[in-house]
Number of protein chains: 2
Amino acid sequence: MSSIAVIQRTFSVLEAVAASGSASAKEVAHRLEIPLASVYRLLQELVEHGYLVHLKEERRFELGPKCFDLGLSFRQRLVAPSAIRQATDQVHKKLQAAAYFAVYRGSDIVLTHLSDCLAHPRLQPLRFGFHEAAHATAFGKILLAGMLPDQRSAYLGARGMPMLTPNTVVDPVQLDTHLQEVATCGIAWEHEEFLPEKTCAAVPVRNGSGVQIGSIAVSLPTSEAAGRQRQVETVLREYAGQCSRYLRSGHTVAVA
Amino acid sequence: MSSIAVIQRTFSVLEAVAASGSASAKEVAHRLEIPLASVYRLLQELVEHGYLVHLKEERRFELGPKCFDLGLSFRQRLVAPSAIRQATDQVHKKLQAAAYFAVYRGSDIVLTHLSDCLAHPRLQPLRFGFHEAAHATAFGKILLAGMLPDQRSAYLGARGMPMLTPNTVVDPVQLDTHLQEVATCGIAWEHEEFLPEKTCAAVPVRNGSGVQIGSIAVSLPTSEAAGRQRQVETVLREYAGQCSRYLRSGHTVAVA
DNA sequence: TCTGGTTTCTCATGTGGCGAGAACATCTCT
DNA sequence: AGAGATGTTCTCGCCACATGAGAAACCAGA
């Protein structure tokens with residue numbers, strides 16, 4: 001756990017400004033407990049590089065255009081290929097439920113496409129780039145189940161298993177046995193473990209070599225989920241198969 | 001023109017990765033001419049803070065989720081209020097042309113809303129957050145015309161006036177007299193100075209105190225623009241007035 | 001097992017970032 | 001205008017700490 005002090009500080013300043021939306025030098029200095037002169041140095045540096053802008057008339061600092069450029073580059077790199085987006089959209093349409101596509105990325109699990117509408121909105125904290133709480137989401141569980149045991153324990157060890165609802169599985173060994181089951185069934189259900197009143201399901205998507213690389217998933221109000229397990233499973237598998245077929249023809253998830 | 005060396009390097013590494021989409025440590029070291037060991041140090045630091053991820057199996061580095069978060073914060077802070085977005089959308093609809101809304105931000109000029117469609121697409125390089133080439137765009141010119149003379153010359157001095165088409169005004173004194181005219185007319189026209197075959201127009205939007213804070217603009221194929229000057233001007237003014245009226249009731253452009 | 005590559009570690013060196021305070025600039029009262 | 005209060009930049013000596021070279025550890029694929 002190394003850390004170059006200047007860089008540490010620089011990012012903490014940048015993030016302090018991002019969190020506030022807008023901040024004065026003094027506010028940043030106070031919040032981070034860094035001498036004012038040093039904060040000014042860092043702010044100035046960030047401004048010079050375009051990560052912040054200095055609104056002189058208001059004596060405040062805000063995020064600069066480079067931040068948005070980084071966001072665009074990230075999105076561009078990660079957005080799911082259109083064939084996969086279409087499959088996800090079809091799931092959304094067929095099941096009348098918000099649909100999701102997630103992939104492995106290094107040691108992480110990331111949502112790379114969402115398909116929803118006003119009538120069937122996404123689960124609230126979920127958005128493109130979401131990468132938390134794998135232990136409590138359907139797509140997270142199916143992807144955790146596909147990891148090697150030591151990868152998985154490293155993953156969970158690093159991020160913990162916060163309890164998000166009374167139903168969240170927070171015991172590592174309990175999760176382990178659950179994931180065994182998930183792996184053999186090839187489908188992950190999640191019953192109000194992430195958000196109350198919401199039920200989700202996810203199935204694996206495999207690449208040409210048959211290794212699991214992602215997952216396609218849906219979320220439903222628990223009330224609507226009752227009695228639809230079969231239908232949900234069938235449709236998910238149908239389109240997961242379609243994604244896998246697409247990937248078998250040499251495409252990868254990273255390329256748009 | 002100060003610069004803390006480590007920070008300089010850190011951002012150059014981050015941006016090198018962003019530019020490549022994906023890069024190995026060696027590639028970065030070679031491109032930036034920084035010793036490999038130092039590059040690893042910086043990469044590691046960036047990974048630790050979430051700005052990069054390390055794809056171990058591929059031995060490469062890519063942008064991390066924090067980059068996207070920054071982009072979101074930037075967007076959230078800057079996106080035009082919905083009343084103004086609606087006005088822009090109306091201009092788009094009424095004039096059958098891509099419409100834009102831009103504001104001052106510190107010493108900068110930034111596009112904060114675009115309204116277009118397949119039939120009437122935005123000018124290609126334009127996007128949310130665009131902040132270049134003010135001397136060659138209609139909204140840029142109307143906002144330059146609203147600056148104090150020394151602000152304006154500082155602005156143009158810092159960014160230069162690149163020639164983008166044969167029509168681009170690249171002579172500062174010529175631009176100055178042109179902007180005089182723009183200021184008195186209260187409308188800026190731009191005839192193929194930014195992109196060939198495209199004509200744009202922009203009018204000011206003022207806040208409660210009557211000071212110009214932004215601009216609403218449209219772009220048209222030059223062929224379609226002929227003979228529509230009157231119509232374009234009328235509609236632009238109508239909705240610019242609507243925006244100004246909204247701002248007069250205490251709202252600011254920075255708040256969504 | 002070996003080999004070629006990537007990644008981390010070690011360590012002596014001296015650069016360059018640090019903080020305190022002064023100086024300068026800018027706004028806001030009276 | 002002048003005085004006072006803030007915000008911002010500059011100066012400068014000190015020494016922590018980032019640096020780069022090289023070695024070592026690690027990790028594939030052959």
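Lettering of chains follows the sequences in order, A, B, ..., and the numbering in each one begins at 1. Keep in mind the model is a prediction, meaning the values are calculated, not measured.
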Begin with the C-alpha distance, continue with both residues' side-chain angles, and end with the deciding distance and a verdict on salt bridge (charged side-chain N to carboxylate O under 4.0 Å, His left out) for A:Arg77 and B:Glu62. CA-CA 9 Å; A:Arg77 182 88 200 145; B:Glu62 298 191 358; 3.2 Å; yes
What's the verdict on side chain to side chain contact (heavy atoms under 4.5 Å, CB included) for A:His54 and A:Leu43, showing C-alpha distance, side-chain angles and the deciding distance? CA-CA 9 Å; A:His54 189 186; A:Leu43 286 170; over 6 Å; no
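D:dA18 atom C1' lies 7 Å from atom CD1 of A:Ile4, rounded to whole Å. When rounded to the nearest whole Å, the span between CZ of A:Arg9 and C1' of D:dC17 equals 13 Å. The CD atom of A:Gln8 sits 17 Å away from the P atom of C:dG17 (whole-angstrom rounding). Computed from coordinates, the B:Leu42 CG to C:dT8 C1' distance equals 15 Å when rounded to whole Å. When the P atom of D:dC17 is taken as reference, atom CD1 of B:Ile7 falls 15 Å away, rounded to whole Å. Put simply, CD on A:Glu33 is 17 Å from C1' on C:dC18, counting in whole angstrom units.
Look at B:Ser38 and you won't find any side-chain N or O under 4.0 angstrom from OP1 or OP2 of D:dT19.
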Nucleotide by nucleotide, nucleotides 4-14 of chain D touches protein heavy atoms under 4.0 Å in the pattern (B base, S sugar-phosphate only, - none) ---SBB-----
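The side-chain hydrogen bond (donor to acceptor under 3.5 Å, both in side chains) search around B:His113 returns B:Asp89, not counting sequence neighbours.
Across the interface with DNA chain C, nearest-nucleotide mapping of A:Glu57 and A:Ile34 shows A:Ile34 to be the residue nearer the 5′ end.
In this structure, A:Arg159 forms a cation-pi arrangement with A:Tyr155, its terminal cationic atom sitting closer than 6.0 Å to the ring centre and no more than 45° off the ring axis.
Annotation: side chain of B:Val53 is in contact with side chain of A:Arg105 (closest heavy-atom distance under 4.5 Å).
Each of B:Phe101, B:Phe128, B:Tyr100 was evaluated against B:Leu111; a single residue qualifies, B:Tyr100, per the side chain to side chain contact (heavy atoms under 4.5 Å, CB included) test.
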